[in-house]
Novice: 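For reference, the structure I am asking about is given below.
Values in this document were obtained by computation on a predicted structure and should not be read as measured data.
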Amino acid sequence: MGLLVVMGVSGSGKTTVGSRLAEKLGWKFYDADDYHPLENKKKMEEGIPLNDEDRIPWLCALHDILRREHTSRQDTILACSALKKMYRRVLIGGKSAIESNQTEQSGENPALKILFVHLDGPKDIIASRLEKRRGHFMPLELLQSQFDTLEPPSAPENFITVSIEKSLPEILLQIESAILQGEASPE
């Protein structure tokens, strides 16, 4: 049983990679963008970057989804920016991760074991993708704020970094390989 979060700045390919991988593996897929409250979407449409206050309730709701799927033993992939280390801690540990500033929890709600897949690539490639995207609430003007906010995962976080300069089949193969090596297993 595995939980995987495909993360990165807007336009890095999270939804495409996550949905294709879920389809290929027979896992459940969620796109975090679908769970943004209307106020968050309106701010972004107006070119206003989200702050922690905007993101924390959204991340807590996403943690609850991951917790539910974990409890029902459902392999799950979530496409979510998860730009800051604190945001990843919230996805792993829920609201208590903010209060305690850590992810290790005991008792009835132990921290979730999640493999974070960081889709990484040059800003010019990502900007060209955003320019071509239609009907999304995230404008190109906010891309720099995403890069400014990004704290790439680092040890001891459970993650792999995948270059978006690879082809989609190569990206999927690299992630599948990490899953097979047990990096996404719950224990």
Side-chain angles (χ1 to χ4, degrees), residues 3-23 28-69 76-95 97-99 101 103 112 114-154 157 159 161-165 168 171 175:
L3 296 174
L4 192 138
V5 173
V6 180
M7 60 159 289
V9 298
S10 186
S12 60
K14 298 178 298 289
T15 300
T16 299
V17 169
S19 62
R20 294 273 177 84
L21 187 63
E23 186 179 301
K28 202 163 191 181
F29 175 73
Y30 291 93
D31 189 334
D33 284 348
D34 295 340
Y35 296 88
H36 266 298
L38 190 56
E39 306 82 60
N40 285 8
K41 288 182 181 180
K42 281 183 181 176
K43 272 183 92 168
M44 288 184 276
E45 284 171 351
E46 293 169 10
I48 303 167
L50 298 180
N51 58 34
D52 291 353
E53 196 175 289
D54 299 319
R55 287 185 176 112
I56 297 301
W58 169 67
L59 292 163
C60 286
L62 296 171
H63 164 79
D64 292 343
I65 291 168
L66 292 171
R67 166 81 52 207
R68 182 188 71 223
E69 296 301 348
T76 303
I77 296 172
L78 171 68
C80 177
S81 53
L83 297 174
K84 287 186 180 180
K85 187 172 188 163
M86 181 195 35
Y87 302 165
R88 295 186 293 274
R89 281 200 319 260
V90 173
L91 290 172
I92 292 167
K95 191 171 187 138
I98 305 162
E99 296 154 3
N101 203 27
T103 56
L112 297 171
I114 298 172
L115 174 64
F116 289 92
V117 175
H118 178 209
L119 297 179
D120 188 33
K123 191 158 102 180
D124 60 327
I125 291 176
I126 293 169
S128 73
R129 288 179 177 185
L130 283 177
E131 286 173 344
K132 295 174 191 160
R133 191 157 73 176
R134 298 286 172 252
H136 195 276
F137 53 82
M138 178 70 178
L140 174 62
E141 296 77 42
L142 289 181
L143 181 59
Q144 185 58 51
S145 73
Q146 293 256 301
F147 274 99
D148 293 345
T149 303
L150 177 64
E151 296 171 2
S154 61
E157 291 181 275
F159 75 97
T161 300
V162 179
S163 172
I164 64 163
E165 294 181 275
L168 182 57
I171 290 170
I175 299 168

Novice: What is the minimum heavy-atom distance between Glu157 and Pro153, and which atoms define it?
Specialist: OE1-CA, 3.2 Å

Novice: Should Tyr30 and Glu69 count as side-chain neighbours, where that means a heavy-atom distance under 4.5 Å?
Specialist: yes

Novice: Hey, are the side chains of Leu59 and Met86 touching, using non-hydrogen atoms and a 4.5 Å cut-off?
Specialist: no

Novice: Can you name the closest pair of heavy atoms from Leu83 and Arg55 and give their distance?
Specialist: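 Reported closest heavy-atom pair: CD1-NH2, 4.3 Å.
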
Novice: If you measure from the Lys or Arg side-chain nitrogens to the Asp or Glu carboxylate oxygens, is any gap between Asp33 and Lys14 under 4.0 Å?
Specialist: no

Novice: Rounded to the nearest 0.5 Å, what separates atom CD in Glu151 from atom NZ in Lys84?
Specialist: 6.0 Å

Novice: Is the count of non-hydrogen atoms from other residues, nucleotides or ligands lying under 6.0 Å from Glu23 atom CD greater than 12?
Specialist: no

Novice: Are the side chain of Gln146 and the backbone of Ser10 linked by a donor-acceptor contact shorter than 3.5 Å?
Specialist: yes

Novice: Out of curiosity, Phe116 CZ to Arg88 CZ, how far, rounded to the nearest 0.5 Å?
Specialist: 6.5 Å

Novice: Between Ile171, Asp120, Ile125, which is the residue that forms a side-chain contact (heavy atoms from CB on, under 4.5 Å) with Glu165?
Specialist: Ile125

Novice: In Å, rounded to the nearest 0.5 Å, how long is the span from CG of Leu3 to CD1 of Ile65?
Specialist: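 Going from the CG atom of Leu3 to the CD1 atom of Ile65 covers 12.0 Å.
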
Novice: Does Leu150 reach the side chain of Pro152, with side-chain heavy atoms less than 4.5 Å apart?
Specialist: yes

Novice: Measure the CZ-NE2 distance between Arg68 and His63 for me, rounded to the nearest 0.5 Å.
Specialist: 12.0 Å

Novice: Which residue in the set Leu78, Val117, Leu62, Ile77 passes side-chain contact (heavy atoms from CB on, under 4.5 Å) when paired with Val5?
Specialist: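 Going through Leu78, Val117, Leu62, Ile77 one by one, the side-chain contact (heavy atoms from CB on, under 4.5 Å) with Val5 is satisfied by Leu78 alone.
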
Novice: Return the minimal non-hydrogen interatomic distance between Ala32 and Trp58, and the atom names on each side.
Specialist: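 Of all heavy-atom pairs spanning Ala32 and Trp58, the closest is O-NE1, 3.0 Å.
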
Novice: Assess the residue pair Ser12 and Val17 against the criterion (side chain to side chain contact (heavy atoms under 4.5 Å, CB included)); give the C-alpha distance rounded to whole Å, side-chain angles, the decisive distance to 0.1 Å, and a yes or no.
Specialist: CA-CA 9 Å; Ser12 60; Val17 169; over 6 Å; no

Novice: Enter the distance from Asp34:CG to Thr15:OG1 here, rounded to the nearest 0.5 Å.
Specialist: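 That separation rounds to 8.0 Å.
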
Novice: Rounded to the nearest 0.5 Å, how far apart are NZ of Lys43 and CG of Asp54?
Specialist: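 The NZ atom of Lys43 sits 3.5 Å away from the CG atom of Asp54.
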
Novice: Begin from the C-alpha positions of Phe29 and Val6 and carry the test side chain to side chain contact (heavy atoms under 4.5 Å, CB included) through to its verdict.
Specialist: CA-CA 11 Å; Phe29 175 73; Val6 180; over 6 Å; no

Novice: Going through the distances and angles, do His36 and Leu50 end up as a side chain to side chain contact (heavy atoms under 4.5 Å, CB included)?
Specialist: CA-CA 11 Å; His36 266 298; Leu50 298 180; 3.5 Å; yes

Novice: Check whether any side-chain heavy atom of Cys80 lies under 4.5 Å from a side-chain heavy atom of Leu91, and answer yes or no.
Specialist: yes

